[in-house]
Each structure stands twice: as C-alpha cells, then as structure tokens.
Asks: 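Supplied in structure tokens, the structure appears directly below.
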There are 2 protein chains.
Amino acid sequence: MTKARRSLLHVLEQASEPLSVSALLQHPDVSCNQATVYRSLHYLEQRGYLDSFVLHCTDHGTERYYSCTKEQAEHSHWFHCTACHRFIDLGACLMKEDLKRWEQQYGFTVSDHTFFLTGVCATCKESTSSTD
Amino acid sequence: MTKARRSLLHVLEQASEPLSVSALLQHPDVSCNQATVYRSLHYLEQRGYLDSFVLHCTDHGTERYYSCTKEQAEHSHWFHCTACHRFIDLGACLMKEDLKRWEQQYGFTVSDHTFFLTGVCATCKESTSSTD
DNA sequence: GCTAATTTTGCAAGTCATTCGCATTCCTGC
DNA sequence: GCAGGAATGCGAATGACTTGCAAAATTAGC
Ligand SMILES: [Mn+2]
Ligand SMILES: [Mn+2]
Ligand SMILES: [Zn+2]
Ligand SMILES: [Zn+2]
C-alpha cells in the first residue's frame, strides 16, 4: 500500500458520504496527482476496498463517486440531494434476495448492481419553501 | 414534434432495449446531426416521452441510454450483459412502495431513481464455458 | 400568400471527466 | 550502493456531451 493509496483510502474511510475525484483532489490530505488518484482508485476498487457508482447531477455533471466498503464487500445505497448535493445513507443493501430471484428467472449472473435515489432532502425542502 | 424528434422517438419505440446516442446516430432512420440528437433527447425526456440512465461498461465506456416510457411514466429496469452488451428487461419498476417508505423515514422527496444490473447473460455464459 | 418573429438545425469549436505515453522517482531485494 | 519493477507526475489525448452562431425551417400576423 503506497502513500497515495493509503491517503485516499483513509480520506474515504473518514468520509460520511461518497466522494468524487474532484472532491478527493481538493481534500488537504490528498496531495498526489490527478492521474495517480484515478489509478489508485481503480487499484483500490479492484481489490475490494472501495465501491463506486456514476451519478449525474445538473450542477456537477457526470462523475463517479467512491466510498469504502465498510466490512469486506458490504455496501450501502444512497440518496443524493440535487439542491445541497449531500448524500443520505439508505443503509446496507438488501437486494441479495431480489438479485438471486432475477438470476434464476433469467439465467444470467449478476456481477454488479447500481441503485441510488435523487431528489430534495428535508432540509432543502424547508429552506426552499420558506424563501420562495 | 419536428422531424428529428419524431424519428428518434419512433426508433426508440421500436427498440427492444435502451439505446445510446452513438447507437442512435448509427441507425439508418436517424439522419440528423449529433447536436440535434442530444437536444432532441433532452426535449423528449423533459416532456416525459423518454427515460434514461447512465451506464458504464468497460467496452463502451460511460454513456447515457434512452428508452421510451411505455405508457405515461411507466418504466422498466434492465440487466446489461458485459459480454454481448445486450439488455434484458426486468419488467416494470416495483419500487414505488420502497421509495415511499424511504421518503417517510428520511423526510426527503425522491424525484428520480436509478437501478440496473450488470453481469453475464445465459447465452454468453454458455459460449464462454464451452469455448475456453 | 407573404413577410417578420420564433424555433430548430448543422457545423465547428469548446468543456470536462477520464485515460494514456513516457520520463522520472520510489521501493525492494540483493 | 545498485539493478529492476512498480508507482508517480506531467502533459497530451480521448470521448461524451454542450454551446455559439449562422442558416434553414416553422409559425404567426397581416
Ligand atoms: Mn450533486
Ligand atoms: Mn456495454
Ligand atoms: Zn439537500
Ligand atoms: Zn450476453
């Protein structure tokens, strides 16, 4: 584990939400080159340390977001607020059963799944309604 | 409804799976400029005629895929085979209940959700096992 | 029908996330 | 210390998507 990889993993471990490459590059504890960030994230994800998904949001465009797999392959799904751009953790993935059912029904093997929600969070709904 | 928009909508109505912009541009019935394709797809999606999601696959990179909303806002979710790159329709979305539950639990309002599976389809599993 | 205003389109250039080639630096084992 | 392989930085390239602008098409007013 090199310095660059360790720093990225550490930042993502501390993070309360998935982070994009641009967010990681701005983080004070990440001091390596952008190409190194991309290469390190690939490395870490391939080894099962990280989990990622691509999310498009009008304000930030299309970016891949990374988070730590809490404990060996466990992962969460997220809600993304299109107003404040925060993520809300929906808790551990509960799709194992459904995936198995679909695999049996269609004969395919699922190697990955992507699921997330977008909308407006409670806080942003309040501030919008009171202001406008 | 202009000629460009009509042709795109028609191609997507006939399609059995979501299509990317590059696939649409290659389609014989689509004869307009790439910028027009993008602008038309935005137009059609905003009006509720289309549904889309961003999918990354190693062979094709990151692209947005479009499909028709069968009947006024009904939509499917899909399995994507990373070997033959075909999509399998998982049927109409059954997440209404879950979304409502999450909205109540966290107080946010969900305006959109993304869900899809990736893996290897039955056909590709066979041909792989018999060849290698 | 005929002209002016509005919308849509094509083209070319621009943007932005991500990748790649290559030279330099780092690390590891001897 | 030194050689060899891996990792990094830098800058250029890639590819999806967007945008500015002028030409073409559609619509509205008469
Ligand atoms: Mn965002
Ligand atoms: Mn594909
Ligand atoms: Zn918010
Ligand atoms: Zn297949």
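In what follows, every chain begins at residue 1, and chains take the letters A, B, ... in the order their sequences are listed.
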Asks: Establish, for the pair A/Arg39 and A/Tyr43, whether the NZ or CZ atom is under 6.0 angstrom from the six-membered ring centre and no further than 45 degrees off its axis.
Replies: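 Not flagged: A/Arg39 not positioned over aromatic ring of A/Tyr43.
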Asks: Could you tell me whether the side chain of A/Leu90 reaches within less than 4.5 Å of the side chain of B/Gln105, counting heavy atoms only?
Replies: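 The answer is no; the side chains never approach within 4.5 Å.
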Asks: Under 4.0 Å from any heavy atom of chain A: name the first and the last nucleotide of DNA chain C that qualifies, 5' to 3'.
Replies: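 Both ends considered, the range comes out as C/dA17 to C/dG21.
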Asks: With a strict under 4.0 Å distance from non-hydrogen atoms of chain A, what nucleotide opens and what nucleotide closes the contacted stretch of DNA chain D, reading 5' to 3'?
Replies: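 First and last nucleotides in contact are D/dA7 to D/dC10.
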Asks: Quick one: does any side-chain atom of B/Ser40 pair with a main-chain N or O of B/Thr36 as donor and acceptor, under 3.5 Å?
Replies: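 Yes; judged by distance alone, with no hydrogens or angles, the pair exists.
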Asks: Are more than 12 heavy atoms, taken from residues, nucleotides or ligands other than A/Tyr49, located less than 6.0 Å from that residue's OH atom?
Replies: no
Asks: For A/Ser20, answer base if it contacts any base atom (sugar-phosphate contacts may also be present), sugar-phosphate if it contacts only those atoms, and nothing otherwise; contact means non-hydrogen atoms under 4.0 Å.
Replies: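 Nothing: the residue A/Ser20, judged by heavy atoms under 4.0 Å, touches no strand.
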Asks: Could you state the interatomic distance from NE2 (A/His27) to CG (A/Leu12), rounded to the nearest 0.5 Å?
Replies: 9.0 Å
Asks: Tell me what B/His42 touches on the nucleic acid: a base, only sugar-phosphate, or nothing, going by heavy atoms under 4.0 Å.
Replies: sugar-phosphate
Asks: Heavy-atom count around A/Gln14 CD within 6.0 Å, excluding the residue itself: above 12?
Replies: yes
Asks: Taking the nucleotide of DNA chain D with the closest heavy atom to each, which residue, A/His56 or A/Thr2, is nearer the 5' end?
Replies: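 The answer here is A/Thr2.
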Asks: Give A/Thr62 one of three labels, base, sugar-phosphate or nothing, depending on what nucleic acid heavy atoms sit under 4.0 Å from its own.
Replies: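 Here A/Thr62 touches the backbone only, sparing every base.
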Asks: Need to verify one output field. Residue with the more 5' nearest nucleotide on DNA chain C, B/Thr36 or A/Val54?
Replies: B/Thr36
Asks: Can you tell me which residue among A/Phe115, A/Trp78, A/Phe116 is in a ring pair (Phe, Tyr, Trp, His ring centres under 6.0 Å) with B/Trp102?
Replies: A/Phe115
Asks: When the ring planes of A/His85 and A/His80 are compared, do they come out parallel, tilted or perpendicular, using 30° and 60° as the limits?
Replies: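 Aromatic pair A/His85/A/His80 classed tilted.
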Asks: On DNA chain D, compare the nucleotides closest to B/Glu63 and B/Arg39; which residue's is nearer the 5' end?
Replies: B/Glu63
